[in-house]
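Note that the structure is predicted; figures quoted are calculated from it, not measured. Residues take their numbers from the sequence shown, with the count starting at 1.
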Amino acid sequence: MGADCEDAVKQLSSLMEQVEAPLKRSFQNVHQGYPKETLMRFLKAREWNVSKAHKMIVDSLNWRVQNEIDSVLERPIVPVDLYRSIRDSQLVGLSGYTKEGLPVFAIGVGHSTYDKASVHYYVQSHIQINEYRDRIILPRLSQQFGRPVTSCIKVLDMTGLKLSALSQIKMLTSISTVDDLNYPEKTETYYVVNVPYIFSACWKVVKPLLQERTKKKVKVLSGCGRDELLKIMDYSSLPHFCRREGSGSSKHSAPDVDNCFSLDHPFHKELYGHIKEQASHRELIKMGSLHVSIPEPDLNDAKIVEVIQAEFQKIGEQDGSTNGHKD
């Protein structure tokens, strides 16, 4: 890290000493003993502009306090059948670790339907996974390796992506905005696999709008991506949809113990068990979904959403006029 970057971290650290006590307490949950690395994440997200990074982190901490994010791991989604239906329609899980020790999160973009519960439950579930990653998994890895482990990689499976996904754009925008503004620079690399025509068409128009830093993080792999991914992880850590060509991320494509999206997978059993245990320590368990306020996306992100919507509509019109089936 250069002298300018070191100076920026010192400046931001000094500003953080002046924030109010509730924000300082929440910041401890965020940094988990690694404040410098955390400040660097926010600085990177704001191109090392100290005042912009300071505003971003203070806004994020206020969001955490106002929405009770620090106690989100004490709020189980109940009954368990509701949580199971969320897991079946919001496909995400931890499949393993890279050879360098980074967690590998798998996301079934194409087959996620988000149609079994309200938006609040899906956002709550997403935040719980983020918080469990940042407050349980990453600190455990940092202790294991004797160095800060503060990020993960994500493998995005596009199997099943269709024009009907346009109806989910609001949900996906809400989730990505929560991540961009409150969990910046948490993903080292996005590996995109099982890519259909519709993704390729959208990627072509979206890529030029992305910041250079973001563009470098996205790697679109051939087929299921197995050969490329095996360079950075063992076979046992591959998401189930990368283990053979054409396997895809349908929840029926692998036994539940191998399918990291399933509530029966060890990761989700551990996560849900942890939340229920934490809840048992509280005198009163709050029922119902956590209504988290969704920050407004910045102008560039809003523009990207508009471009994706326009491209989906264009492809839909082309398919309608040619009777083609390109999705």
Side-chain angles (χ1 to χ4, degrees), residues 8-9 12-13 15-16 19-20 22-32 34-35 37-73 90 92 105 107 114 119-135 138 150-152 154 156 168-190 206 209-218 289-308:
V9 171
L12 185 53
S13 182
L15 288 169
M16 289 304 296
V19 301
E20 297 171 358
L23 301 194
K24 281 183 178 172
R25 283 196 296 272
S26 190
F27 186 51
Q28 288 178 341
N29 262 336
V30 173
H31 70 62
Q32 291 293 318
Y34 294 102
E37 286 76 10
T38 301
L39 296 178
M40 284 175 62
R41 289 194 294 104
F42 281 86
L43 283 162
K44 281 181 190 173
R46 289 297 177 259
E47 307 296 334
W48 295 92
N49 181 305
V50 174
S51 62
K52 288 182 178 178
H54 178 243
K55 181 182 185 313
M56 183 186 191
I57 197 166
V58 168
D59 285 349
S60 175
L61 293 173
N62 276 314
W63 172 83
R64 292 181 68 87
V65 171
Q66 290 160 11
N67 292 281
E68 301 181 16
I69 302 301
D70 292 309
S71 62
V72 74
L73 292 179
Q90 182 184 37
V92 58
F105 280 90
I107 302 171
Y114 299 100
V119 61
H120 304 292
Y121 278 119
Y122 286 113
V123 171
Q124 177 179 345
S125 171
H126 178 79
I127 291 172
Q128 285 177 330
I129 291 172
N130 279 356
E131 292 291 313
Y132 191 76
R133 173 196 66 196
D134 295 351
R135 286 152 64 178
L138 293 177
T150 58
S151 60
C152 66
K154 291 181 179 175
L156 279 54
Q168 299 156 19
I169 200 87
K170 188 177 179 184
M171 170 79 72
L172 295 171
T173 302
S174 296
I175 286 173
S176 69
T177 302
V178 164
D179 280 358
D180 290 346
L181 298 182
N182 301 290
Y183 303 93
E185 300 297 314
K186 274 290 178 182
T187 304
E188 199 97 337
T189 312
Y190 297 89
V206 167
L209 303 176
L210 298 175
Q211 292 179 333
E212 200 59 40
R213 188 182 74 255
T214 305
K215 264 190 269 195
K216 286 178 181 174
K217 287 185 179 187
V218 180
S289 62
L290 183 70
H291 284 234
V292 174
S293 61
I294 308 298
E296 286 294 315
D298 67 29
L299 291 176
N300 191 55
D301 288 344
K303 171 69 175 170
I304 289 170
V305 171
E306 286 177 16
V307 167
I308 291 171

For this session: Decide side chain to side chain contact (heavy atoms under 4.5 Å, CB included) for L61 and M16; before the verdict, give the C-alpha distance in whole Å, the side-chain angles of both, and the deciding distance to 0.1 Å.
Result: CA-CA 11 Å; L61 293 173; M16 289 304 296; 3.6 Å; yes
For this session: Show your working on side chain to side chain donor-acceptor pair (under 3.5 Å) between S293 and Q66 and close with a plain yes or no.
Result: CA-CA 9 Å; S293 61; Q66 290 160 11; 5.4 Å; no
Exercise. Around atom NZ of K24, are there more than 12 heavy atoms of other residues, nucleotides or ligands at under 6.0 Å?
Worked result: yes
For this session: State the CD-CZ distance between E20 and R25, to the nearest 0.5 angstrom.
Result: 10.5 Å
For this session: Step by step, work out the side chain to side chain contact (heavy atoms under 4.5 Å, CB included) result for H126 and V292.
Result: CA-CA 11 Å; H126 178 79; V292 174; over 6 Å; no
Exercise. For K186 and L138, which heavy atoms make the closest approach, and how far apart are they?
Worked result: NZ-CD1, 3.6 Å
For this session: State whether the side chain of S60 and the backbone N or O of M56 hold a donor-acceptor pair below 3.5 Å, judged by distance alone.
Result: no
Exercise. What is the distance from atom CZ of R64 to atom CD1 of I57, rounded to the nearest 0.5 Å?
Worked result: 10.5 Å
For this session: Give a yes or no on whether the backbone of Y121 and the side-chain of S125 come within a donor-acceptor separation of less than 3.5 Å.
Result: no
Problem set entry | Point-to-point distance, once rounded to the nearest 0.5 Å, from CG of L210 to CD of E212 | 9.5 Å
Problem set entry | R46: partners by side-chain hydrogen bond (donor to acceptor under 3.5 Å, both in side chains), with sequence neighbours left out | none
Seminar exercise, completed: L39 and F27 have their tightest heavy-atom pair at CD2-CZ, 3.8 Å
For this session: Check whether any side-chain heavy atom of W48 lies under 4.5 Å from a side-chain heavy atom of V9, and answer yes or no.
Result: yes
For this session: Would you give the length of the straight line joining atom CG of L23 to atom CD of Q28, rounded to the nearest 0.5 angstrom?
Result: 12.0 Å
Problem set entry | Partner set under salt bridge (Lys or Arg N to Asp or Glu O under 4.0 Å) for E185, not counting sequence neighbours | R213, K217
For this session: Heavy atoms only: give me the nearest D70-S26 pair and the separation to one decimal.
Result: OD2-OG, 2.8 Å
Problem set entry | side chain to side chain contact (heavy atoms under 4.5 Å, CB included) between I127 and Q124, worked out | CA-CA 5 Å; I127 291 172; Q124 177 179 345; 5.9 Å; no
Problem set entry | Full working for side chain to side chain contact (heavy atoms under 4.5 Å, CB included) between T187 and S151 | CA-CA 5 Å; T187 304; S151 60; over 6 Å; no
Seminar exercise, completed: The reported gap from CG in L181 to OG in S176 (rounded to nearest 0.5 angstrom) is 9.0 Å
Exercise. Can you tell me if NZ on K55 sees more than 12 non-hydrogen neighbours from other groups inside 6.0 Å?
Worked result: no
For this session: Please round to the nearest 0.5 Å and tell me the distance separating atom CG of D134 and atom OH of Y183.
Result: 7.0 Å
Exercise. Can you name the nearest heavy-atom pair linking N49 to S51, along with the distance?
Worked result: OD1-OG, 2.9 Å
For this session: Output yes when a side-chain donor or acceptor of T177 lies under 3.5 Å from a complementary backbone atom of T173, and no otherwise.
Result: yes
Seminar exercise, completed: Looking only at heavy atoms, the pair that brings Q90 and Y114 closest together is CG-CE2, 3.6 Å
Exercise. For the residue pair H291 and H120, does the interplanar ring angle fall in the parallel (under 30°), tilted (30 to 60°) or perpendicular (over 60°) class?
Worked result: parallel
Seminar exercise, completed: Between V123 and I175, the two heavy atoms sitting closest are CG2-CG1, 4.5 Å
